[in-house]
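Structure first, commentary second.
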Amino acid sequence: MLVQAAKQLRAADGQPPQTVGVFVNASAEELRHAVSTAGLDVVQLHGEESPGFCRNVKQELGVDVWKVFSIRPETTEPPQSAEEKLAPYKGVIDAVLIDTAGGGTGVAFDWQVIAEYRAAANAIGVPLYVAGGLHPDNVTELLDGYMPDGIDVSSGVETEGHKDIDKIRLFVRKVIER
Ligand SMILES: O=C(O)c1ccccc1NCC(=O)[C@H](O)[C@H](O)COP(=O)(O)O
């Protein structure tokens with residue numbers, strides 16, 4: 001039912017909008033099924049998908065790949081720079097999205113890391129998108145101060161777990177007005 005509803009969506013110009021599917025460590029077969037059933041244009045990969053996996057998805061399914069890199073507030077892992085993390089994905093992804101670990105948490109990470117990821121995304125020739133805890137009251141600060149190429153919001157435009165059209169309109173207005 002959601003797939004059918006998505007297929008009927010039209011943008012202001014009457015054209016179907018770009019559709020993005022969100023996945024966490026899905027198999028190639030699961031992605032193939034979702035892309036063909038829902039007619040996805042983009043797969044947004046939130047798991048530990050390798051560069052080789054991303055390359056195969058792009059080549060075999062003909063979709064754009066947005067690879068998500070999770071920002072963990074506290075970790076005991078040895079530090080790895082954004083450049084080291086992103087470099088292996090050069091040529092096999094179409095955008096980098098940085099998001100608070102877990103996805104859909106409604107929690108923002110420390111935006112000071114954005115500059116490092118911006119440079120690393122530039123180095124591999126893809127745009128940088130930012131997600132995690134955005135809402136109508138903080139999106140202007142993000143856009144003005146950190147200039148991402150795109151943004152992604154979920155819980156910040158919801159009320160009691162459901163998308164709230166008034167919050168969506170307010171969020172979009174804040175983005176357009178700046
Ligand atoms: O939304 C989820 O429940 C989710 C779960 C697991 C992985 C990713 C998930 N969402 C992906 C998104 O693109 C969200 O829009 C993004 O994480 C921002 O969410 P929020 O912090 O709620 O704005």
Side-chain angles (χ1 to χ4, degrees), residues 1-3 5-6 9 11 17-35 37-50 53-54 57-58 61 63-75 82 85-86 89 93-114 117-118 120-121 126-176 178:
M1 191 166 151
L2 186 61
V3 168
L9 286 173
Q18 189 180 47
T19 49
V20 182
V22 173
F23 304 90
V24 184
N25 293 324
S27 68
E29 191 47 46
E30 287 167 329
L31 289 180
R32 185 175 296 109
H33 177 71
V35 166
T37 309
L40 300 176
D41 301 299
V42 181
V43 293
Q44 182 172 308
L45 305 180
H46 278 255
E48 284 80 46
E49 299 86 2
S50 68
F53 183 85
C54 294
V57 167
K58 267 188 77 58
L61 303 186
V63 290
D64 279 4
V65 174
W66 295 356
K67 181 71 188 86
V68 182
F69 293 84
S70 295
I71 309 297
R72 291 181 169 76
E74 293 167 20
T75 178
K85 286 184 201 166
L86 270 55
Y89 289 86
I93 60 173
D94 300 280
V96 165
L97 172 66
I98 51 175
D99 190 3
T100 305
T105 61
V107 176
F109 57 84
D110 180 356
W111 291 344
Q112 296 306 316
V113 305
I114 292 174
Y117 277 89
R118 161 183 290 290
V126 299
L128 177 71
Y129 305 151
V130 172
L134 300 180
H135 52 72
D137 293 331
N138 68 0
V139 69
T140 304
E141 181 190 347
L142 174 78
L143 295 175
D144 287 348
Y146 301 89
M147 294 173 290
D149 299 303
I151 50 175
D152 170 358
V153 61
S154 184
S155 349
V157 291
E158 290 177 348
T159 299
E160 294 176 0
H162 297 281
K163 291 291 178 291
D164 180 326
I165 190 63
D166 293 328
K167 288 184 180 175
I168 294 172
R169 286 198 176 109
L170 180 58
F171 188 90
V172 171
R173 198 176 320 130
K174 297 268 185 165
V175 173
I176 291 171
R178 59 170 289 278

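For ligands, and for the atoms within them, numbers begin at 1 and follow the listed sequence. We number each residue from 1, following the sequence as shown.
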Item to check | Donor on one side chain, acceptor on other, Gln44 and His46, under 3.5 Å | outcome: yes
Checklist entry - Atom CG in Leu97, atom NZ in Lys67: separation rounded to 0.5 Å? => result 9.5 Å
Item to check | Member of Leu40, Leu61, Val63 meeting the side-chain contact (heavy atoms from CB on, under 4.5 Å) criterion with Leu31 | outcome: Leu61
Next on the checklist: Are the side chains of Trp66 and Val20 in contact, using a 4.5 Å heavy-atom criterion?
Outcome noted: yes
Checklist entry - Residues in ring pair (Phe, Tyr, Trp, His ring centres under 6.0 Å) with Phe69, at least two apart? => result Tyr89
Checklist entry - Can you pull the residues with any heavy atom under 4.0 Å from ligand 1? => result Val22, Val24, Gln44, His46, Asp99, Gly102, Gly103, Gly104, Thr105, Gly106, Ala131, Gly132, Gly133, Asp152, Val153, Ser154, Ser155
Checklist entry - Within the distance-only criterion (no hydrogens, no angle test), does the side chain of Thr19 pair as donor or acceptor with the backbone N or O of Gly39 below 3.5 angstrom? => result yes
